[in-house]
Amino acid sequence: MKCGFAAIIGRPSAGKSTLLNALCGEKVAITSMVPQTTRNAIRGIVNRSAGQIIFLDTPGYHDSDKKLNHYLKDVVHRSLDDADVVLYVVDASRSPGKEEQAVMDLLKKSGKPVIAAVNKIDLETPLLTEIRGLVQVNLAPKALIDVSAVEGTNLESLVLSVLEQCPEGELHYPTDFYTDQNPEFRISEIIREQAIIRSEQEVPHALYVEIADMEFEGENTDEPDTASNKTDEESTPAGAPAGFFDVSPESNLPEKDSKDSHSPPPENPPQRKKLWVRAFLVVERESQVGILVGHKGAKIKSIRIGALKEMRKVFSWKIRLDLRVKVNPKWRKKDPLLKQMLGSGK
Ligand SMILES: Nc1nc2c(ncn2[C@@H]2O[C@H](COP(=O)(O)OP(=O)(O)OP(=O)(O)O)[C@@H](O)[C@H]2O)c(=O)[nH]1
Ligand SMILES: [Mg+2]
């Protein structure tokens, strides 16, 4: 069997995360029109009869002296080091310029085999021929494929081309897994996405999500019923205080049929568990708090409802969410926090 790691690399907003989701057939990574939406290396797993690809979505690669970007670039470098093959995503609707050249230089230097996906061809861009030529000349990719992540065009030939470059080996994950993210991280990302798509200017960049507590009602030891292969410690932090802030009934959504998006449901599903989550949208300045709270709390309420809707698509639990906004001044300049969030930042 073939099994390998494929790092998805490209400029901010090239469509890397949208493509990852389309390849996995599930929403694994959050996406938005705002550049630098992805901050961590997100794993998405694709299985075919010939083998398994573990895709590593990465933050958009670009030059900036800001400390946060330094850490984001390091996430890209580490994913590239871990990769057997690179899935290079180029936005066919944007002029390439220096930023695209910097990505191609990085990939060339890595010496890894490259599969290039020229994305957004549904936009019928006049730049397509120029971009294809540029990628061919700079990287001589193993395959150069025009794709549309939103319309699902040419994705199977992309998967097969990537798989061809993977080494022979044992599968890393069971074949019904499509991601390895723990529930806490996924919930925080879902909340961040809902906040990003409802805010503008500097706010999406100035925000992160802190999960203060997560606890199953009436119990705190059972294995969460996703097959994400994570322990309780990772999903329900040890020592989480019993009881969560009250959430008004109308802010939580009615139950729906049990669904587990990671693995098939058990034959006799137990009564659905209730998961209580207390989370903060953390911003840099007091003025940004008001923006996220909105008039009479309308904005935060809509973020919370949006997040609950998205969570229902992923988890089988009945989820209660208490969401608040707080300030962590200049967090993007704080090494310990960035290190905890994004890794070493070398
Ligand atoms: N028309 C069109 N839009 C696309 C396509 N793929 C992605 N997009 C849009 O491009 C924008 C950015 O998509 P993302 O998937 O978040 O891009 P990304 O490369 O992961 O961005 P960062 O994580 O910020 O680096 C979103 O508005 C997507 O809907 C595509 O094939 N066609
Ligand atoms: Mg992304």
Side-chain angles (χ1 to χ4, degrees), residues 6-44 55-64 66 68-77 79-80 86-96 99-100 102-104 106-107 115-128 131-132 145-159 179 181 185-186 188-190 192-209 310 332 341-342:
I8 307 180
I9 294 177
R11 291 163 83 184
S13 290
K16 301 177 292 300
S17 304
T18 307
L19 183 59
L20 175 74
N21 293 340
L23 292 170
C24 292
E26 296 284 350
K27 181 144 176 170
V28 173
I30 64 168
T31 64
S32 87
M33 285 165 67
V34 178
Q36 303 269 257
T37 294
T38 304
R39 291 182 181 156
N40 301 84
I42 310 274
R43 285 188 184 195
F55 285 103
L56 309 169
D57 188 16
T58 66
Y61 193 82
H62 81 134
D63 263 333
S64 144
K66 295 203 170 130
L68 173 61
N69 190 57
H70 173 74
Y71 279 83
L72 295 177
K73 276 173 91 171
D74 184 53
V75 174
V76 180
H77 293 147
S79 300
L80 192 52
V86 174
L87 174 54
Y88 171 37
V89 183
V90 197
D91 184 341
S93 70
R94 270 174 84 196
S95 259
E99 200 176 70
E100 202 67 71
V103 183
M104 290 191 285
L106 173 78
L107 301 189
I115 303 296
V118 183
N119 189 32
K120 307 194 187 180
I121 56 160
D122 55 287
L123 296 176
E124 292 175 15
T125 155
L127 297 168
L128 194 57
I131 288 174
R132 287 179 124 260
I145 301 172
D146 297 343
V147 303
S148 166
V150 292
E151 293 189 347
T153 316
N154 291 340
L155 300 192
E156 198 50 31
S157 69
L158 197 61
V159 167
T179 189
Q181 297 165 71
F185 179 75
R186 274 191 110 180
S188 73
E189 285 287 270
I190 288 169
R192 191 163 67 88
E193 181 186 58
Q194 295 303 310
I196 288 175
I197 61 182
R198 287 172 177 79
S199 53
E200 52 198 26
Q201 291 176 5
E202 89 289 359
V203 178
H205 302 285
L207 104 90
Y208 72 95
V209 173
E310 288 301 309
R332 282 180 285 179
M341 225 183 246
L342 304 168

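Counting starts at 1 for both ligands and their atoms, in listed order.
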Undergrad: Dump the pairs for me: ligand 1 N or O, protein N or O, distance under 3.5 Å, to 0.1 Å.
TA:
{"residue": "ligand 1", "atom": "1 (N)", "partner": "Asp122", "partner atom": "OD2", "Å": "2.9"}
{"residue": "ligand 1", "atom": "6 (N)", "partner": "Asn119", "partner atom": "ND2", "Å": "3.2"}
{"residue": "ligand 1", "atom": "10 (O)", "partner": "Lys120", "partner atom": "NZ", "Å": "3.1"}
{"residue": "ligand 1", "atom": "13 (O)", "partner": "Thr18", "partner atom": "OG1", "Å": "3.4"}
{"residue": "ligand 1", "atom": "15 (O)", "partner": "Ser17", "partner atom": "N", "Å": "3.4"}
{"residue": "ligand 1", "atom": "15 (O)", "partner": "Thr18", "partner atom": "N", "Å": "2.8"}
{"residue": "ligand 1", "atom": "15 (O)", "partner": "Thr18", "partner atom": "OG1", "Å": "2.5"}
{"residue": "ligand 1", "atom": "16 (O)", "partner": "Ser32", "partner atom": "N", "Å": "3.2"}
{"residue": "ligand 1", "atom": "16 (O)", "partner": "Ser32", "partner atom": "O", "Å": "3.3"}
{"residue": "ligand 1", "atom": "17 (O)", "partner": "Gly15", "partner atom": "N", "Å": "3.2"}
{"residue": "ligand 1", "atom": "19 (O)", "partner": "Ala14", "partner atom": "N", "Å": "3.1"}
{"residue": "ligand 1", "atom": "19 (O)", "partner": "Gly15", "partner atom": "N", "Å": "2.9"}
{"residue": "ligand 1", "atom": "19 (O)", "partner": "Lys16", "partner atom": "N", "Å": "2.9"}
{"residue": "ligand 1", "atom": "19 (O)", "partner": "Lys16", "partner atom": "NZ", "Å": "2.7"}
{"residue": "ligand 1", "atom": "20 (O)", "partner": "Ser17", "partner atom": "N", "Å": "2.9"}
{"residue": "ligand 1", "atom": "20 (O)", "partner": "Ser17", "partner atom": "OG", "Å": "2.9"}
{"residue": "ligand 1", "atom": "21 (O)", "partner": "Ser13", "partner atom": "N", "Å": "3.0"}
{"residue": "ligand 1", "atom": "23 (O)", "partner": "Thr38", "partner atom": "N", "Å": "3.0"}
{"residue": "ligand 1", "atom": "23 (O)", "partner": "Thr38", "partner atom": "OG1", "Å": "2.8"}
{"residue": "ligand 1", "atom": "24 (O)", "partner": "Gln36", "partner atom": "N", "Å": "2.6"}
{"residue": "ligand 1", "atom": "24 (O)", "partner": "Thr37", "partner atom": "N", "Å": "2.8"}
{"residue": "ligand 1", "atom": "25 (O)", "partner": "Ser13", "partner atom": "N", "Å": "3.4"}
{"residue": "ligand 1", "atom": "25 (O)", "partner": "Lys16", "partner atom": "NZ", "Å": "2.8"}
{"residue": "ligand 1", "atom": "25 (O)", "partner": "Gly60", "partner atom": "N", "Å": "3.1"}
{"residue": "ligand 1", "atom": "31 (O)", "partner": "Asn119", "partner atom": "OD1", "Å": "3.1"}
{"residue": "ligand 1", "atom": "31 (O)", "partner": "Asp122", "partner atom": "OD1", "Å": "3.4"}
{"residue": "ligand 1", "atom": "31 (O)", "partner": "Ser148", "partner atom": "OG", "Å": "3.4"}
{"residue": "ligand 1", "atom": "31 (O)", "partner": "Ala149", "partner atom": "N", "Å": "2.8"}
{"residue": "ligand 1", "atom": "31 (O)", "partner": "Val150", "partner atom": "N", "Å": "3.3"}
{"residue": "ligand 1", "atom": "32 (N)", "partner": "Asp122", "partner atom": "OD1", "Å": "2.7"}
{"residue": "ligand 1", "atom": "32 (N)", "partner": "Asp122", "partner atom": "OD2", "Å": "3.4"}

Undergrad: In total, how many protein N/O/S atoms does one find closer than 2.8 Å to the Mg ion (ligand 2)?
TA: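 Every protein N, O or S atom under 2.8 Å from the Mg ion (ligand 2) counted, the figure is 2.
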Undergrad: With no hydrogens and no angle check, do the side chains of Thr37 and Ser32 hold a donor and an acceptor under 3.5 Å apart?
TA: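 There is such a pair between these side chains.
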Undergrad: Can we say Arg192 and Glu189 salt-bridge, meaning some charged N sits less than 4.0 Å from an Asp/Glu carboxylate O?
TA: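 Between Glu189 and Arg192 there is a salt bridge, with a charged N closer than 4.0 Å to a carboxylate O.
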Undergrad: Would Glu310 and Gln194 count as a side-chain contact (heavy atoms from CB on, under 4.5 Å) here? Give the steps.
TA: CA-CA 9 Å; Glu310 288 301 309; Gln194 295 303 310; 3.3 Å; yes
Undergrad: Inspect the contact between Lys16 and Asp57 and indicate whether a charged nitrogen and a carboxylate oxygen are less than 4.0 angstrom apart.
TA: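 Salt bridge absent between Asp57 and Lys16.
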Undergrad: Is there a side-chain contact (heavy atoms from CB on, under 4.5 Å) between Leu80 and Val86? Walk through the geometry before answering.
TA: CA-CA 7 Å; Leu80 192 52; Val86 174; 3.4 Å; yes
Undergrad: Sorted by first residue and then second, give each salt bridge (Lys or Arg N to Asp or Glu O under 4.0 Å) pair with at least one member in residues 148-157; sequence neighbours left out.
TA: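 Pairs touching residues 148-157 that pass the test: Arg48-Glu156.
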Undergrad: My understanding is that only residues two or more places apart in sequence, or in another chain, count here; which of them pass ring-ring contact (aromatic ring centres under 6.0 Å, His included) with Tyr208?
TA: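 Tyr208: ring-ring contact (aromatic ring centres under 6.0 Å, His included) contacts with Trp331.
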Undergrad: Step by step, work out the side chain to side chain donor-acceptor pair (under 3.5 Å) result for Thr58 and Ser79.
TA: CA-CA 7 Å; Thr58 66; Ser79 300; 5.9 Å; no
Undergrad: When rounded to the nearest 0.5 angstrom, what distance separates CG in Leu87 from CG in Leu56?
TA: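 Nearest 0.5 Å value for the CG-CG distance: 10.5 Å.
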